[in-house]
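Here is the naming used below: chain letters follow the sequence lines, and residue numbers restart at 1 for every chain. It should be emphasised that the depicted structure is a prediction, and the values quoted were computed from it without experimental measurement.
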2 protein chains.
Amino acid sequence: MKNLIQLQQKNCLECALKGHSVFSVLSDEQIEKINHHKSCAIYKKGQYLFTQFSRPVGLFCIYTGKIKLSTIGTDGKEQIIRLAKDGDIIGYRALMTEEHHRLSAIALEDSSVCLIEKDFFVKLAFQEPQLSKRVFKLISEDLRKAEEQIVSLSQKNVRERIAEALLFLKATYGLEADGKTLSVRLSREDFADYIGTSTESVIRLLSELNSSGIIELVGKKILINDIERLVRTANIIV
Amino acid sequence: MKNLIQLQQKNCLECALKGHSVFSVLSDEQIEKINHHKSCAIYKKGQYLFTQFSRPVGLFCIYTGKIKLSTIGTDGKEQIIRLAKDGDIIGYRALMTEEHHRLSAIALEDSSVCLIEKDFFVKLAFQEPQLSKRVFKLISEDLRKAEEQIVSLSQKNVRERIAEALLFLKATYGLEADGKTLSVRLSREDFADYIGTSTESVIRLLSELNSSGIIELVGKKILINDIERLVRTANIIV
DNA sequence: TTTAAGATATGATATTTGTCATATATTGAC
DNA sequence: GTCAATATATGACAAATATCATATCTTAAA
């Protein structure tokens, strides 16, 4: 079916401990068990991990990579709802509530992702109170971000939202070794689909931020030159 | 402190069974126990049940009434995030994650509300898998609505969002006995704070929908005259 | 009841943003 | 490497929406 590259199996124990994964609350033995209920693959840029309305097959754990979660609005326009990164798990909501996926998950760059068997995860999640709590915290965080997005879309203009998005991308995906370049590269269209505006407006306002020296556009890269002014542009109280 | 009118205690058993409350998954004995860990009160229109940033004191169950959940944006403007009604529980997220409230809850009309003791509810919620699942479904629904709100704010114009909001209010709070009048009365300002626009735009567009015969404005009441055209105005695929 | 405060209504105008057209640059397929 | 497809860029203009001003209506308080 899909043209997935099967990957050498990752070790869940290493993975869970290296970071902030939800599984870090489990015992080593429990984590070890996950190894026998998962498979790993590489998703190339643009490939779907799952699609809106489909039935979940398991839990996706991002080992490395960047994933966008989006939906299609009434007029066929894409809306990016969330962005996920290394150590994040995605698709857990549909598993926990036994519903279909409400969003599609698409790789923004080549990503190494493990898939944990549906039944194994669901059983574990409901059996282990520590894990339940972590998953509840996860969805609560997703809700918090969604609510912030609502306030932003309602009350901020496009310039403020762009600045905010740049700061968010920095906070989420970090910077390259130079300490200035955003690690993630979104197309102008993805940018627009994230902050709720037109591609042209994104291009125009990024170019304006570039002219004013707050950011620098070098090819596809975006460098953040003046964080303070970017924060002020985003109209964020610190 | 607060000028709350203490109420004759409601019977949780009757309450849980009359509707779609999360507690309907519990046994009668368990529900009976809740009676001993709650108090009931009337909140007058405009009163706060709890405020943003405060520590939760318990779980609020709405017996009758209408509550808005809102936050204040950077420029001091209110943003209504959710609306709650009879049978809904609110404030559960902060309880489950042991965080402060992120939203304020304000009565839109005089409301009869019970408060279940914090520790009692949290213990019960984590002990009873059935209840855990229901609470997870609740937050999942809140997330779904928030995500829909994001798409709407990003992709629809104010006219479409107003029409959508009217349909949402009808779906949530229903109609009066005449089968036409919305049961809830939002001020134009609350309306604006909900759909993310200015009060004047709400007034203008409601008045336009009135002129075109889709709705009818009678004093403070809003009558829905032509649902089909309202759905078309909202640009919803059915 | 009277009065003041607040809510609703409407017009005029400014601002923001989207849309369309077109040019240039970049990328990927062959 | 060449060419086509796609992405980025920019200007001109139109449309949507916010803002400000002011009038009227409604509600709550004295």
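The shortest distance between the side-chain N/O atoms of A/S207 and the OP1/OP2 oxygens of D/dT8 is not below 4.0 Å. For C/dT8, the OP1/OP2 oxygens have a side-chain nitrogen or oxygen of B/K220 closer than 4.0 Å.
A/R93 and B/S140 form a side-chain donor-acceptor contact under 3.5 Å, judged by distance and modelled atom types alone. Neither side chain, B/Q79 nor B/S70, offers a donor N or O lying under 3.5 Å from an acceptor on the other.
Residue A/R185 contributes atom CZ, which lies 17 Å from atom P of D/dA7 at whole-angstrom precision. Here D/dA15 presents its C1' atom at 19 Å from NZ of B/K156, a figure rounded to the nearest Å. Per the geometry, CG belonging to B/N210 stands 8 Å off P belonging to C/dA9, to the nearest Å. Remark: P of D/dA9 and CZ of A/F191 are 12 Å apart, rounded to the nearest angstrom. Rounded to whole angstrom, the span from the CG atom of A/L217 across to the C1' atom of C/dT26 amounts to 15 Å. The separation between B/K221 atom NZ and C/dT8 atom P is 16 Å, rounded to whole Å. Nucleotide D/dT17 holds its C1' atom 9 Å from the CG atom of B/L205, rounded to whole Å. If you take CG of A/L186 and P of D/dA7, they are 13 Å apart, rounded to a whole angstrom.
B/F60 and B/Y43 have perpendicular rings, their planes meeting at more than 60° on a 0 to 90° scale where under 30° would count as parallel.
Map A/G219 and A/S154 each onto its nearest nucleotide of DNA chain D; the residue landing nearer the 5' end is A/G219. Between B/S201 and B/K45, the residue whose closest nucleotide on DNA chain D is further toward the 5' end is B/S201. Mapping A/N157 and A/E200 onto DNA chain C by nearest heavy atom places A/N157 closer to the 5' end of the strand.
No hydrogens or angles were tested; on distance alone, a donor-acceptor pair under 3.5 Å links the side chain of A/R204 to the base of D/dG11. For A/R188 against D/dT10, a side-chain-to-base donor-acceptor contact under 3.5 Å is absent.
Contact annotation for A/S198: base contact, defined as any heavy-atom pair under 4.0 Å involving a base atom. At a threshold of 4.0 angstrom between heavy atoms, the contacts of A/T197 are confined to the sugar-phosphate backbone, with no base atom among them.
For the pair A/R82 (side chain) and A/D142 (backbone), a donor-acceptor distance under 3.5 Å is absent.
Screening A/E147, A/E148, A/Q155 against A/V151 for a side-chain contact (heavy atoms from CB on, under 4.5 Å) leaves a single residue, A/Q155.
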